[in-house]
Amino acid sequence: MRNRRLRRGITALALALLALPAVPGTALAEPTYPFRDPHLPVNARVDDLLGRLTLDEKISWLHQYQPAIPRLGIGLFKTGTEALHGVAWSTDIDNNGAVVKARGTSFPQPVGMASTWDTDLINRVGSAVGDEARGYHAQNPRVWGLNLWAPVVNLLRDPRWGRNEEGYSEDPLLTAAISTAYGSGMTGGDPDHLKSAPTLKHYLAYNNEVRRDVTSSNVPPRVLNEYDRAAFKPALAADAATGVMAAYNLVNGRPATVDPDLATVVRGWTDRPLMNVTDAWAPNNLVASQGYYATQPEANAAIVKAGLNSFITDDTNAQPTVTAIKQALAAGLLSEGDIDARIREILSVRFRLGEFDPGGGRYGGITPDVINSPEHQRLARQAAGEAMVLLKNSRQALPLDPARTRRVAVLGPLADTLYSDWYGGDLPYQVTALDGIRERLGDRASVSGLDGADRIALKNVATGRYVSATGTTDADRVLGTGAVPALVAQFDVVDWGQDVVTLRNAANGRYLGYNWGPFVTRDAQPNGWYVQQQFKLEPQSDGTVALRYAGYETTESWFGANTYVTVGADGALTLGASTAADAAHFSREVISSGIDRAVAAARAADTAVLVVGSNPFINGREAHDRTSTALSAGQEALVKAVTRANPRTVLVLQTSYPVTLTWEQQHVPAIVWTTHAGAETGHAVADVLFGDRNPSGRLTQTWYRSDGQLPPDLLEYDIISSGQTYLYSTAKPLYPFGHGLSYTRFRYGQPRPGTTSVAADGTISVSVDVTNTGSRAGSEVVQLYTHQRTSRVRTPIRQLKAFQRVELAPGQTRTVTLRLPAADLAHWDVTRSRWVVESSVHDLMVGASAEDIRARTQIRVRGETVPDRDLSRPTRAENFDRYSGVRLLDETKASGTVVGATGAGQWVAFAGSALRPGARTLTARVARAGAGTGTIQVRLGSPTGRLLGTVTVPSTGDDYRYVSVDADLARAAGTHDVYLVFDSPLRLATFSIG
């Protein structure tokens, strides 16, 4: 093969040289290599360039910063520009990897974009982001690479996940539809030329932040295939992404950084070469926090063999990666062929991006003029408007009549503030809710704004002196020396929940922050990796408060015990105590009550608009999960007080995740939800509140009534056995998946299936008439759910299978036809490790949400019946039907999954197993690292049912050293549920009964 490629390359080069024009009297300064010929097939160009690279050059390209090769006229190529909901930030190799923030168009956070359920709109958003990425690339290609790290397709299984705002939905079909639309827009939709190269994050089963690099997601085969993989496959299959980023966590005991899926399953979803990347510093974790490999050469070799192309580690310093790869080659852990395979995939993407084409290829002419263009601003306003969800609207409280609205009080901590997030750029301009409402009403109305924050002063009871700001730079220390509670000694307190508050100085508008000491009032907003503007005011028994610092670094093991503020002899605030008893005690003097001022403003207004919610830098984010989804106590108190003061109160909830709103749902007339929706948020809010836009957003997650409806453990990834998400949960939600109201009403007719029976390879179609019975034009999202009535396994209560947005004028009726292949009704059959469409009747349910089903019909699917298990053949233990206590673990470091028992009484069950009359022996492949022996009992019917026999498991001294053991069994012919019960820690890979 290599010789054939070399011959092709030589032939192509000869042809290219022959085609060069002869210029008399001149020498050819630089050859025109075949890899620069856009008329040649990409594979030929890749072959040519790959053959010209030295081994050292190829190895250097495995790092994130792929260095320039001047002898070939090739410049630097960088993997990774963040573009989650607009171009956000990148890093500068010429400035020690410093973060460079974008100031381009900012679209709604992804969970908001998905709430549009509008794939056409999201495709346009993705295209705009791809354009702006090109614009930034034209400005500085060394900073702004065209490999974009977006979208995030991790499913929003649990709203407590700190990165909830980065994903789209708890549902795999909706997630796949939105991510495919966004990715297709970013790529440009041309199969041979890429506008940009999107990378899907983060493969796989990643929904927790706390200790994310050392926790293992326990994902049985059905959940793995039906849920987690199902979200990733469609975008890759549609050529809407050019690779995936491996997650930090472990999956079934193996770090995702070396998940063999990346070289096998994932690449099998597309016929295009993929460029997969690690997450930041994850290669080092394999040796450090995870301790999975003893040395970095072993780890790096495993990463390459697992199918990853780009090492994102050690910032701009590629040398550690290069050194480890060379050591791996020298040790025989890698071959040059392994390196070539990964570089070939990288080159395929780089060629499709047009890097080696004249003028940068099809998209090379895009200029910086596209960045934050008026067209993109209009698109951002539309996206923010469509993302808004009307949760409640009693007695037609909304829309507000602008002609009759004369006095509006816009209240709350988010009334006149917009937040970006860790994966958003700097907003180029801001239209807050207050701005948008003022602009909409103009001079004919009085619009006031208040944040509802208490203004307080903190007086050190030991000295009688006040905590005071002295300026806004790093040199201006906050001192506890103020003689009186002057403006510099006053702070506005906003409660963000979980007892965390921010303290904004009244004199300079800047936030109190730690900044590694001394304390300063420097920052215009909470920000930074550790968000060092977080505090807790802890009440003490003597009526004072202790000021506790709550920056995110305080949870790190290296931070130290001192988190309480003390005041030094020079008056400077410092972290000098580990307990509240030893901290400085302050009297909390209320200068003015935020609630009292808000109530007065609400009473004087025709309408009160409350804008409350979350701060993306504080209420959970990367590396930090939430412990609760409740609205903060301070904000809830504000909502209650204002609603009681003015019954014409509208609640605008701006959050990155579902919030429990039990009191609000009962008492507030109208509730609108938006995520943090970018610079155009205020326009979108005003558009919806005043009826210029009829709300059409729909929830992409279940909103629960309380935290008690969630699993006790955020790390419970098995949604089937634990009953999570709308698919399996039996809890009565506050707002169901798919919920969203309109200013008009829609009537559904009786659904009409295309047929009453369909084969497993056929197509199901359902038609339904939808009528707008109101007086306003509006958009309805028609949702089709299915439920399989009979099955060998537990199936979803209902599952979204198709949806369509339909715009209807008043009185208009349209026929909506929803189609799906019958193959989409398949589930993963653990008995044979393949997809199966069972013969069964399926309910077809059409409606406005998972709970608001307007009409239903049914269809019989002619599939197959899953046969009884044949345990006489080797059966992988991971393919159980039920289990208790056990964990799924790695069979070897390279591949395979086994069942790992951790204690006595744990078990796995294999339902419907046909035992042959002569079946008298259990044979098992096992490992046991601990000393002594363990046992596996074979029982029928239950973990305490009839005992057929017991196999002894010897110590093998290593988790990865397996032996075959067997034991005699009592006679038990027929079909049974077979239970394997463990007495102690051990691993079971495969077994058979024959």
Short side-chain donor-acceptor distance under 3.5 Å, Asn123 and Ser184 = no
What pairs meet the salt bridge (charged side-chain N to carboxylate O under 4.0 Å, His left out) rule with one or both residues in residues 182-192, with sequence neighbours excluded?
-> Asp190-Arg362, Asp192-Arg272
Glu132 meets the salt bridge (Lys or Arg N to Asp or Glu O under 4.0 Å) criterion, sequence neighbours left out, with none
Set of residues satisfying ring-ring contact (aromatic ring centres under 6.0 Å, His included) with respect to Tyr728, sequence neighbours excluded | none
Can you tell if the side chain of Tyr136 reaches within under 4.5 Å of the side chain of Ser90, non-hydrogen atoms only?
-> no
Does Asp92 have any side-chain contact (heavy atoms from CB on, under 4.5 Å) partners at least two apart in sequence or in another chain, and if so, which?
-> Asp94, Asn95, Val100, Val143
Answer with yes or no whether the side chains of Ser420 and Lys101 bring together a donor and an acceptor at under 3.5 Å.
-> no
Check: Ser60 side chain, Glu57 main-chain N or O, donor-acceptor pair, under 3.5 Å = yes
Between the main-chain N or O of Leu333 and the side-chain N or O of Lys305, is there a donor-acceptor pair closer than 3.5 Å?
-> yes
Which is it for Glu553 and Trp558 under the side chain to side chain contact (heavy atoms under 4.5 Å, CB included) test, yes or no, and what are the steps along the way?
-> CA-CA 9 Å; Glu553 75 272 27; Trp558 46 259; 3.7 Å; yes
Report the C-alpha separation of Tyr65 and Thr91 in whole Å, then their side-chain angles, then the decisive distance to 0.1 Å, and conclude whether the side chain to side chain donor-acceptor pair (under 3.5 Å) test is met.
-> CA-CA 10 Å; Tyr65 290 95; Thr91 52; 2.5 Å; yes
Just wondering, more than 12 heavy atoms not from Lys233 lying within 6.0 Å of its NZ?
-> no
Taken in chain and number order and not counting sequence neighbours, the residues that satisfy salt bridge (Lys or Arg N to Asp or Glu O under 4.0 Å) with Asp890 are Arg987
Give a yes or no on whether the backbone of Leu156 and the side-chain of Tyr168 come within a donor-acceptor separation of less than 3.5 Å.
-> no
Just checking, any donor-acceptor pair under 3.5 angstrom between side chains of Asn147 and Thr199?
-> yes
Return the set of residues passing ring-ring contact (aromatic ring centres under 6.0 Å, His included) with Trp835 (not counting sequence neighbours), or none when no residue passes.
-> Trp828
Side chain proximity check, Asn252 to Asn218, heavy atoms < 4.5 angstrom = yes
Quick one: pull up CD1 in Ile69 and CG in Leu53 and give me the separation to the nearest 0.5 Å.
-> 5.0 Å
Glu891 and Glu878, any side-chain heavy atoms less than 4.5 Å apart | no
Look up atom OH in Tyr182 and atom OG in Ser179, then write down how far apart they are to the nearest 0.5 Å.
-> 11.5 Å
Are Glu170 and Thr702 linked by a side-chain donor-acceptor pair shorter than 3.5 Å?
-> yes
Donor-acceptor contact present, side-chain Asn249 to main-chain Arg212, <3.5 Å | no
Do side-chain atoms of Ser289 reach the backbone of Asp213 as a donor and acceptor pair under 3.5 angstrom?
-> no
With the side chain counted from C-beta on, respond yes when Gln701 and Asn164 share a heavy-atom pair under 4.5 Å apart, and no when they do not.
-> yes
Could you tell me whether the side chain of Ser656 and the main chain of Pro616 form a donor-acceptor pair under 3.5 Å?
-> no
Just wondering, do Leu50 and Asp47 contact through their side chains at under 4.5 Å, heavy atoms?
-> no
Salt bridge or not for Lys893 and Glu298, using N-O below 4.0 Å?
-> no
Could I get the full list of ring-ring contact (aromatic ring centres under 6.0 Å, His included) partners for His202, not counting sequence neighbours?
-> Tyr206
d(Thr175 OG1, Leu155 CG) to nearest 0.5 Å is 4.5 Å
Working for side chain to side chain contact (heavy atoms under 4.5 Å, CB included), residues Ile339 and Ile325 | CA-CA 9 Å; Ile339 304 296; Ile325 292 292; 3.9 Å; yes
Separation of Leu250 CG from Gln290 CD (nearest 0.5 Å) = 5.0 Å
Sequence neighbours excluded, every pair satisfying salt bridge (charged side-chain N to carboxylate O under 4.0 Å, His left out) that has a member inside residues 249-264 = Arg229-Asp261
Find out whether Thr79 and Trp149 are in side-chain contact, i.e. whether some heavy atom of one side chain is under 4.5 Å from a heavy atom of the other.
-> yes
Using modelled atom types only, decide if a donor and an acceptor are shared between the side chain of Thr81 and the backbone of Gly145 within a distance under 3.5 Å.
-> yes
Honestly, is Arg134 close enough over Trp144, meaning NZ or CZ under 6.0 Å from the six-membered ring centre and within 45° of the axis?
-> no
Could you label the plane-to-plane angle of the Trp89 and Tyr423 rings as parallel, tilted or perpendicular, counting under 30° as parallel and over 60° as perpendicular?
-> parallel
Taking atom CH2 of Trp422 and atom CG of Asn527, what is their separation to the nearest 0.5 Å?
-> 9.0 Å
Ignoring hydrogens and geometry, is there a side-chain-to-backbone donor-acceptor pair from Thr242 to Pro198 under 3.5 Å?
-> yes
Heavy atoms, side chains only, cut-off 4.5 Å: are His63 and Val322 in contact?
-> no
Can any side-chain N or O of Arg352 pair as donor or acceptor with the backbone N or O of Ala197 at less than 3.5 Å?
-> no
Among Thr321, Thr323, Asn317, find the one that has a side-chain hydrogen bond (donor to acceptor under 3.5 Å, both in side chains) with Gln319.
-> Thr323
Partners passing salt bridge (Lys or Arg N to Asp or Glu O under 4.0 Å) against Glu556 (at least two apart in sequence or in another chain) = none
Heavy-atom check, side chain of Leu49 versus side chain of Ile74, under 4.5 Å | yes
Listed partners of Tyr657 passing side-chain hydrogen bond (donor to acceptor under 3.5 Å, both in side chains), at least two apart | none
Backbone of Gly75 reached by a side-chain donor or acceptor of Arg142 within 3.5 Å = no
For Tyr227, what residues pass the ring-ring contact (aromatic ring centres under 6.0 Å, His included) criterion, not counting sequence neighbours?
-> none
Are Asn276 and Tyr203 linked by a side-chain donor-acceptor pair shorter than 3.5 Å?
-> no
Sorted by chain and number, sequence neighbours left out, side-chain contact (heavy atoms from CB on, under 4.5 Å) with Arg211 holds for Val214, Thr215
